[in-house]
Structure formats: C-alpha cells, structure tokens
Amino acid sequence: MYLYDTIDQSLVDQRVEQFRGQVRRRMAGELSEDEFKPLRLMNGLYLQLHAYMLRVAIPYGTLSSHQMRKLAHIAQRYDKGYGHFTTRQNLQFNWPKLEETPDILAELADVQMHALQTSGNCIRNVTADQYAGAAADEVADPRITAEVVRQWSTLHPEFSFLPRKFKIAVTGSSRDRAAVRVHDIGLVVKRDEAGAIGYQVIVGGGLGRTPMIGATVRDFLPKRHLLSYLEAILRVYNQAGRRDNMYKARIKILVHALGAEEFIRRVEAEWEAIRDSAVDLPAGEHDRIATFFAPPRFEALPNNDGEFARYRLEDREFAQWARTNVAPHKQLGYAIANISLKPEGGIPGDATTEQMNAIAAIAERFSFGEIRVTHEQNLVLPHVRQADLYGVWQTLKSHDLATPNLGLISDIIACPGMDYCSLANARSIPLAQDISKRFADLRRQHDIGELKVKISGCINACGHHHVGHIGLLGVDRKGEEYYQITLGGSADENTNLGKIVGPAVPYDKVGSAIETITNTYIGLRADGESFLDTYRRVGNDPFKETLYAAH
Amino acid sequence: MAMQVISANRLVDGLVVYMTGGGGWSERIADAQAVTGKEVGEVAMAAARVAEEARIIVEPYLIDIDESSGERRPTRYRELIRAKGPTVRLDIGKQAEL
Ligand code: SF4
C-alpha cells in the first residue's frame, strides 16, 4: 500500500487545523452559513436529512486493517456504531456532530486518511478495480496509476473549480470491474504490441440525469504521457464546459455537443502544447510510487490446495460461499475472498463497528492486512491463501459477513435514498431489503444466476440504476414513492444503459415486479443463458407484457 | 388552511429541530408551535432567521402538518422521515427516543 511521505502527511494535518479554525469561526459568528458551507463541503461534511454526514475518502478503495480499525473506532466514538460503504468506494458516517468533525478528521489523518475530494466541483477521489494487484486477469496494477492521479489531482489549483464534479476510474484488466465507461474519464491499463504499458483513455461517460457511455479518445496512450494528457482533457473541459446550467455542465455533455471527433481534436491540440513538459511524472517518481504496490511476500504454494478442495466437498455451505464469493488470484495457491455486505434483509453497504474490527483482524491474520472496498458496496480480502479460506469463512460467518451471494439477485446496490439523503425522491434501502428477503432461498438465487439489481432514490443515480441488469429509480408521483424500472443495463466491459420497460410502479408493487421479471426470464432463457444474455436476445417486450399484463 | 411548523437543523450537531412557541427549538415536532396562514408563517420565519443569525440553527423552512389523526404528523413523507428517523433503522433517530 502507498504510505504517506512528509508532504502528504503535512497536507492532511494542515487541512485538519485549517478546518478546526473554520469551525471555530463559524461557531463564533465570524463566518455565515453561506460562507461556511463550501468550506465544510470541501472537507466532506454534508448536511443530510437527519444530521450532518461525513464522507471519508478511500482512494481507489484500498484500506489497511489499521485504517479499518480507525473507521470502526470513529463509528463507535463519534457516530452511532456503523458506517456505510458507498458506490464510490468511500465510507459515510451518518451522524457526526459539526463541533466534533475536526477531531474526526484528526483521527483520520493519524492513519493517513482524509475527506478531501469527496465533494465539490473538483477531481473527485479516484476509484479503481477492487481486485488490483490480485486479479488473475490483470495486465498491470491499476493502483499505481490511481495513486499517481491522486497525487496530481489533490488540491490541483487549476482544476478545483471545474464546471462540475469530475470522476476518474482505473482498471488494470480488460475485464472491467471499475465501470470505467460510465466515468468522466475511464482508464484501462493495457500493453501495446511491444509489451509497453499504456492506457485506453475513455472520456465522457456518466450516469445521472443524462446517462452516457464514454467515447474512446485514445486507444493507446503511453504511460509516461498520462498526466499531460489528463491535463489536456481537463483544460478543454474547464474552458469549454458549460457553467450556465448545472444539468449540462458535466464533460459528457461537452463531448456530446462537440462530437467525439472535435473533442479529440481539441484535446490533441492542447496536448501538443504541453506534452513532454514538466507536467508528466518523471520515470523515477513513477517507479518510486510503484514500489509501494509491490506484491506482498507470497509463499510459494501449489495451486488448488488440497484442504480447500476437501472442505468444499465436506461442507456444502462453505462450498456455496467459495463458489460465489471467491475469485481467482494471480499468485498460485492464493485466492481473492469477497465479503458481502448484503446479508438477507440487511442494508447494502452498512457495517457495524464490531464487523469493521472483525474484518480488520481477519485481514491482518489472513490477507497481509489489506482490505478493498468495491463500488458494488462489498469488501474484499485480496490475498488469502487457499488453505486459509475455510478459516476465513468460519470467522466471517460468526460476524454475519459470509452471505454467499456475490453477483446474485440479493447482492444489490442501493443508494441511501430517502432514509438519509436530502435530495431523494424515494427510498432505496427498504426495496433492497424486501428483494433480498423474497429471494432469500439460495438455491433459487443460484438458479437465477448472475443478476445485478441497482437502486437509486433520485435521478442523480448514485445507485447506478442505469447500468443495473434491473435498475430501479425512485420518482415522486404526487407525494407517493414510485419506481421506474429499467432492464438490460450493465457496467462491465460491454457497458449498456438499461431501457425503461414501462410506467413506474408504486413502492409496494416493486417486489412482485422483480419476481415477475425473474420468472419471465426463467421462462424464456435458453440453456446456459444469463439474465443479460436472454434480455439481449429478446429485448424489453416480453418483460413488458408480463409486467403490465393485468393493467 | 394548512397548518405549518418551522423545521431546521441545529448548527452544532445537525439534528432536526422544530421551532417552539417561546422562540426555542425542540427535537420533537409535538413541541413545535403550529401556525396557520401566510402572514403568520412569515412572522414565524422571521423569528427563525433570527435564530439562524444567532447560530442556533441552519436552513429553516415551513412544513405542512396534519393533526386529524390526533397525532401531529408532517404531510410530506420526507418530513415524516425527518421527524422520526430512518425507516430502515427503527433503533436510531427520534423514533428510538420517543
Ligand atoms: S441517487 Fe439521489 S437519493 Fe440516492 S444518494 Fe444519490 S442523491 Fe441521494
């Protein structure tokens, strides 16, 4: 993992003291709320429905066990004993007090954490593939790139007041687990024919009010040019992006308005002027950052550990978990273990202090102290010996953390919705709870197979509903909670935006609508077809017919 | 004419509060002073802005309430959730303390 040097550390320490002073001045009446609000937002402190909410940055979803313990401690000491992992790989505390927030930030700074870049029209906290450094299918570790982008973008003076917020995601594998095509910039680390590392650069994707899939502006950008090229893109956006209408201010609108060709022409022209300048990272600095992400000291182990195989045969429950929640590792004899934060009837992404502490202890014992947060609101132990998987599973189970449902219908993304969020039209979480209870029978979930349900409480789409195989969007119909259903979205390397299937349905009809959709799929599927395969073959119509037949 | 109360968030901890008769602020909507009519509402809002200036609360606004069931309830669902707490965590928020 990256470790702060004195510059990183003094930056976050100074920021804490600066905010402490700002809070003091606010309390003393030297700052009005209008003056103070942008300052607190720049430190991740929002005002939500019930209280303040502090959004803690977890750059590219990488956490140490030490940091996890600190989050657990903050939840216990300053909040109500839990935290909420978000679709941006961050963590939100729902009940912090303004007067205590400087102390919380100081506690975070103690473990090299902060709440920078979690709000405002800046380059937000960079996200990445949660399997970074572990995935068997990885070309190169995306965390190195993500860390370079983090350092470049933190408090970047030119890009701190962009037309709108700006999100960058990185994947190191052709299998996209970071949803790079629906980010303002998506980077896919790849190799050219000579084996040199570079990037496919995708620009102008995004969800929200106007969902769009990004356009590839460079099929291969050599690694050394990364920062100057990003700078060129941001400059074109900063100059030409709309500031008169916040709904049209994201870069996707600019790319769409100019057309990809003209946008690329402008970026390339800007880049010509700054390429090979001081903007790009010296190779030595890149290498220095890369050393932090050197693989941990793996043991030389045989693959397909015998004990792992034996326990799978002997313990069906374990076998089920291993089937869904364990992914192949690049190192022989190791595996990636996913921790589902979607227990039956639970709140997606929530973890208690006790669970966070337990996960920290498990990571220390079994995963070199490393933990990852996924944009699907789960956690990952990236480096577990296959022989230890049974022990890991048993411990997880004792903390209600071993739900074997990764990628299945109950592994739902749900934004906080109207239970917490002041922008919401409708609730998201109770729908997720209802669906996960309806489909609690694991055999049924496995029979349905991979199915991603994603729920947003408003058009801002924090729950990624546009790219859910089934997407639910909360809308307000004369004060009642209704939900628009979209089908066929996906956020992987074959990104698609879901299509609206028909009129929105009321809150209490959503669960049965999901049952109808899955039953329709089961009735239509050909051998081996996933929900998405079937949907792509048959389209909306059969689902529309069964869903609205009675109306 | 619809009855209204003024709601806001308390500056120090952000918690939802309601303006009471004496110009104070309570976490319980039952304690709030109900007002009826535009003019009375404006007078009450002026008092709330004084509290905002005094750094007691932030973002005050009028919400519609209904007392026909015998219990005072905000008419908008969003406000009902603010008055009680998250519907998915009945163990926290005001609903847990009532
Ligand atoms: S999608 Fe809307 S309701 Fe959900 S968290 Fe985002 S802003 Fe809030």
Side-chain angles (χ1 to χ4, degrees), chain A residues 23 25-34 36-37 40 45-54 78-82 84 94-101 345-348 350 414 416-434 457 476 478-481 507, chain B residues 2 4-18 25-29 32 45 48-66 68-69 73-98:
Chain A
V23 170
R25 283 157 63 210
R26 173 72 185 113
M27 296 295 196
E30 291 163 28
L31 291 174
S32 69
E33 184 62 13
D34 284 350
F36 179 65
K37 188 174 171 182
R40 72 163 155 75
L45 192 65
Y46 291 70
L47 185 59
Q48 288 288 22
L49 269 194
H50 308 289
Y52 291 105
M53 177 272 280
L54 182 67
Y78 301 95
D79 210 89
K80 292 189 187 290
Y82 69 104
H84 176 74
N94 290 307
W95 308 88
K97 297 183 173 71
L98 174 62
E99 50 187 351
E100 291 183 345
T101 304
I347 298 178
D350 273 16
M418 212 202 277
D419 280 297
Y420 291 100
C421 176
S422 59
L423 300 173
N425 285 325
R427 288 172 296 163
S428 304
I429 298 167
L431 289 185
Q433 293 176 306
D434 175 42
D476 182 336
K478 298 203 180 100
E480 301 287 322
E481 296 171 290
Y507 176 82
Chain B
Q4 295 183 306
V5 299
I6 292 183
S7 182
N9 292 76
R10 196 157 52 204
L11 175 67
V12 281
D13 57 11
L15 291 188
V16 175
V17 286
Y18 301 92
W25 295 85
S26 169
E27 291 180 30
R28 292 158 42 95
I29 193 168
M45 273 302 290
R49 285 200 195 94
V50 172
E52 196 177 17
E53 285 287 308
R55 306 179 303 280
I56 298 163
I57 49 109
V58 292
E59 300 184 9
Y61 58 98
L62 286 158
I63 63 168
D64 291 347
I65 55 162
D66 175 39
S68 57
S69 67
R73 289 163 68 93
T75 52
R76 281 185 67 200
Y77 195 54
R78 173 186 199 272
E79 290 303 327
L80 187 64
I81 294 175
R82 283 182 80 237
K84 288 179 177 283
T87 67
V88 294
R89 285 294 302 265
L90 300 179
D91 58 325
I92 55 177
K94 298 177 195 305
Q95 58 206 351
E97 290 143 26
L98 296 176

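In what follows, every chain begins at residue 1, and chains take the letters A, B, ... in the order their sequences are listed. If you're wondering where the values come from, they're calculated on a predicted model, not measured in any experiment.
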Region of [X] in contact with chain B, defined by heavy-atom distances below 4.5 Å:
X: A:I347; answer: side chain
X: A:R26; answer: both
X: A:Y420; answer: side chain
X: A:S422; answer: both
X: A:Y82; answer: side chain
X: A:E481; answer: side chain
X: A:E33; answer: side chain
X: A:P416; answer: neither
X: A:Q48; answer: backbone
X: A:A28; answer: backbone
X: A:M53; answer: neither

Interchain contact, [X] with chain A, by part (heavy-atom threshold 4.5 Å):
X: B:V88; value: both
X: B:L11; value: both
X: B:E79; value: neither
X: B:R10; value: backbone

**Non-hydrogen atoms of B:R55 and A:M27 that approach each other most closely** =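 Looking at all heavy atoms of both residues, the closest pair is NE-O, 2.8 Å.
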
**Prompt:** At their closest point, which heavy atom of A:P430 faces which heavy atom of B:T87, and how far apart are they?
**Reply:**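 Closest approach of A:P430 to B:T87: CG-OG1, 4.1 Å.
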
**Request:** Just give me the residue among A:K80, A:Q433, A:R427 that pairs up with chain B most often, heavy atom to heavy atom, under 4.5 Å.
**Result:**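 Going by pairs under 4.5 Å, I would pick A:R427.
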
**Request:** Pick whichever of B:I92, B:D91, B:V12, B:V16 has the most heavy-atom pairs under 4.5 Å with chain A.
**Result:**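 Most pairs with chain A among the choices: B:V12.
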
**Item:** Atom pair CG/CZ of A:D476 and B:R76 - distance to nearest 0.5 Å
**Value:**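 Going from the CG atom of A:D476 to the CZ atom of B:R76 covers 7.0 Å.
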
**Item:** Side-chain heavy atoms of A:W95 within contact of B:L15, under 4.5 Å
**Value:**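 Touching, per the 4.5 Å side-chain cut-off.
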
**Asked** Heavy-atom distance under 4.5 Å between the side chains of B:I81 and A:H50, does that happen here?
**Response**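 SC-SC contact between B:I81 and A:H50 confirmed.
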
**Item:** Enclosure of B:E53 CD (heavy-atom neighbours >12, cutoff 6.0 Å)
**Value:**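 Result for CD/B:E53: open.
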
